[in-house]
**Student:** 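First, the structure itself, so that you have it in front of you.
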Amino acid sequence: MPNPARPYSLLIQNAAQVLTLAGADPAAPLAGAAASAWHRIENGYVACHGDCIAAVGPMHTLNPALVTAATRVLDATGRVVMPGLVECHTHLVFGGHRAPEFERKLRGETYLDILAGGGGILSTVRATRAASEAELLAAAEARLAAFGRYGVTTVEAKSGYGLDRATEQRLVRVARAAGRRWAGRVVPTFLGAHVVPPEFKAAGPRAYVDFLLRDVLAELKGEAAFVDIFCEEGAFPLADSQYYLEQAHKMGFGLKIHAEQLHDLGGCEMAAALGATSIDHCDYLTPAAAGRIVAAAAAAGRRPPVAVLLPLVPLFLRQETYAPGRAFIDAGLPVAVSTDFNPGSCPSQNLWLALSLACLKMGLAPAEAVAAVTRNAAHALGLGHEIGTLAEGFRADILVLNVGSLSEIPYWLGENPVQTVVMGGNVE
Ligand code: NIG
Ligand code: FE
């Protein structure tokens, strides 16, 4: 006799729309026409076994035998149900804030001017070095709780405000500890190559990345999933960025890059050629270069990277140039959207606002923007097979929203539409 099927531990039923994000090749992020052609279900349900999704479908396909007294049932009548948000680019762990610099920016100083004068990232480095590990952990935990209230169930967390061995390692440790104490998931990235610290000013960027490779990175194997670098004027030149990423790749790290944020230095194409998982910012990446990245990846027999778009950053830095997301998608380059939460260029954790701005300033359709903060963002972390989609076997990270349709999601500008957050099968 076969065992009777296990009853569901959690059932979310009667949803006006279930945005599954399923469809096309599940192993790949969505681009081109597929970016908006994923599967929606009218009047649907999502059922879970523990921390996993067991079944998703229209209500008439629900097996009532699996709904017992042991099943927790949530009613989503009139509401949208979708995957938990994936925040694939944040600088979660830092000390202090930069409100005084915000005032200087409002008076006309630029981001790079302030950095060149020893402020900007370097002022957060001073505050972060001065903070204790307990203070950094408490701040990171409070920020994760805030992300959770926005329906974010996975957060990438970069180091990069230590720029010395002990502090950089502390930042990775704090990100991991904060993740263990949170119901969602934290993915640590090593961004020791954020800018050249004062101690290496005379020696220069190559000497600094050599120090990271020799003295810091080896101890972070298994601790940080990705290595990232800020390729930009005033940060790291293209040649040093390439050298550093090549070496990190040889050490077994996944690759990311901050590139084409303020100038077109060719960082995105360089990192894509090395097999980077994501290329981030891309405000100055041209549609032609995006097309070359897609073609080169196809010729090499691999998937192109996910372009992580960060529309709150040009808004906050008072810049008019936003990444041409529409053209990227049309060229076949998959896009994700994230806040870039950090104290300098985006002191906001509101990924819903970033999603709306991606529609308003980068030309994404609502369905593309929803894919960009779920399934494609999961692929930007190499986790597209586990999170970001509502389908059997995926992690039970699920949102119930206070809106009745997909088109309302980017419409309620700056509002938080989250009614209920489920993380790993637990109703938070
Ligand atoms: O992604 N561009 C470089 N790094 C961050 C900003 C960090 C800061 O200003 O503190 C970013 O925008
Ligand atoms: Fe960033």
Side-chain angles (χ1 to χ4, degrees), residues 87-102 104-105 109-129 131 139 143 155-163 167-168 171 175 187-197 205 226-237 241 255-265 267-268 271 276-285 306-319 321-323 336-349 351 354 377 380-381:
E87 253 290 9
C88 62
H89 181 140
T90 88
H91 304 248
L92 181 76
V93 192
F94 58 85
H97 66 77
R98 308 228 292 271
E101 287 182 5
F102 177 58
R104 287 168 61 188
K105 261 183 236 141
E109 284 184 72
T110 71
Y111 183 76
L112 288 181
D113 288 345
I114 292 172
L115 176 61
I121 293 170
L122 291 171
S123 83
T124 299
V125 169
R126 288 188 290 276
T128 303
R129 287 179 179 178
R143 291 166 194 154
V155 173
E156 187 252 14
K158 300 176 194 296
S159 71
Y161 293 117
L163 311 186
T167 316
E168 281 298 318
L171 297 182
V187 178
T189 290
F190 180 69
L191 179 61
H194 201 176
V195 291
V196 177
F226 295 98
V227 162
D228 193 344
I229 186 165
F230 184 21
C231 177
E232 184 55 72
E233 288 180 14
F236 293 89
S241 303
L255 304 182
K256 290 178 169 286
I257 191 165
H258 282 67
E260 273 72 82
Q261 178 186 355
L262 304 164
H263 301 93
D264 185 357
L265 303 188
C268 289
T277 307
S278 73
I279 50 177
D280 298 39
H281 284 283
C282 307
D283 294 309
Y284 284 81
L285 180 68
V306 177
V308 177
L309 313 181
L310 309 164
L312 293 172
V313 173
L315 177 75
F316 192 75
L317 297 186
R318 310 179 76 194
Q319 291 163 191
T321 303
Y322 288 77
V337 167
S338 178
T339 59
D340 193 12
F341 172 63
N342 74 76
S345 66
C346 182
S348 169
Q349 298 186 243
L351 185 51
L381 299 178

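Whatever order the structure lists ligands and atoms in, that order sets their numbers, starting from 1.
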**Student:** Taking all non-hydrogen atoms of both residues into account, name the closest pair between Glu260 and Leu265 and its distance.
**Tutor:** OE2-N, 3.0 Å
**Student:** Identify, by atom number and element, the atoms of ligand 1 in contact range of Arg98, meaning under 4.0 Å from any of its heavy atoms.
**Tutor:** 8 (C), 9 (O), 10 (O)
**Student:** Do Glu232 and His258 pass the side-chain contact (heavy atoms from CB on, under 4.5 Å) test, and can you show the C-alpha distance, the side-chain angles, and the key distance before you say yes or no?
**Tutor:** CA-CA 8 Å; Glu232 184 55 72; His258 282 67; over 6 Å; no
**Student:** Where's the contact between Tyr161 and ligand 1, heavy-atom distance under 4.0 Å: side chain, backbone, both or neither?
**Tutor:** side chain
**Student:** If you draw the axis of the six-membered ring of Phe94, does the NZ or CZ of Arg143 fall within 45° of it and under 6.0 Å from the ring centre?
**Tutor:** yes
**Student:** So which heavy atom in the protein is nearest atom 6 (C) of ligand 1, and how far is it from that ligand atom?
**Tutor:** Tyr111 OH, 3.0 Å
**Student:** What are the atoms of ligand 1, with element, lying closer than 4.0 Å to any heavy atom of Asp340?
**Tutor:** 1 (O), 11 (C), 12 (O)
**Student:** Hey, mind stepping through Tyr284 and Tyr322 against ring pair (Phe, Tyr, Trp, His ring centres under 6.0 Å) and telling me if it holds?
**Tutor:** CA-CA 8 Å; Tyr284 284 81; Tyr322 288 77; over 10 Å; no
**Student:** Walk me through it: do Ile279 and Leu285 pass the test side-chain contact (heavy atoms from CB on, under 4.5 Å)?
**Tutor:** CA-CA 10 Å; Ile279 50 177; Leu285 180 68; 4.3 Å; yes
**Student:** I'd like to check which ligand 1 atoms, numbered from 1 as shown, lie under 4.0 Å from a non-hydrogen atom of Ser345.
**Tutor:** 6 (C), 9 (O), 11 (C), 12 (O)
**Student:** Within the structure, does Gln261 bring an N/O atom to less than 3.5 angstrom of an N/O atom in ligand 1?
**Tutor:** yes
**Student:** How close do Val308 and Ala380 get, counting heavy atoms only, and between which atoms?
**Tutor:** CG2-CB, 3.9 Å
**Student:** Please name the atom of Asp340, restricted to N, O or S, that is closest to the Fe ion (ligand 2).
**Tutor:** OD1
**Student:** At under 4.0 Å between heavy atoms, which part of Glu232 makes contact with ligand 1: side chain, backbone, both or neither?
**Tutor:** neither
**Student:** Would you say Cys346 reaches the Fe ion (ligand 2) with an N/O/S atom under 2.8 Å?
**Tutor:** no
**Student:** Specify whether an N/O/S atom of His281 falls short of 2.8 Å from the Fe ion (ligand 2).
**Tutor:** no
**Student:** Of all the atoms in ligand 1, which lie at a distance below 4.0 Å from a heavy atom belonging to Asn342?
**Tutor:** 6 (C), 7 (C), 8 (C), 9 (O), 10 (O), 11 (C), 12 (O)
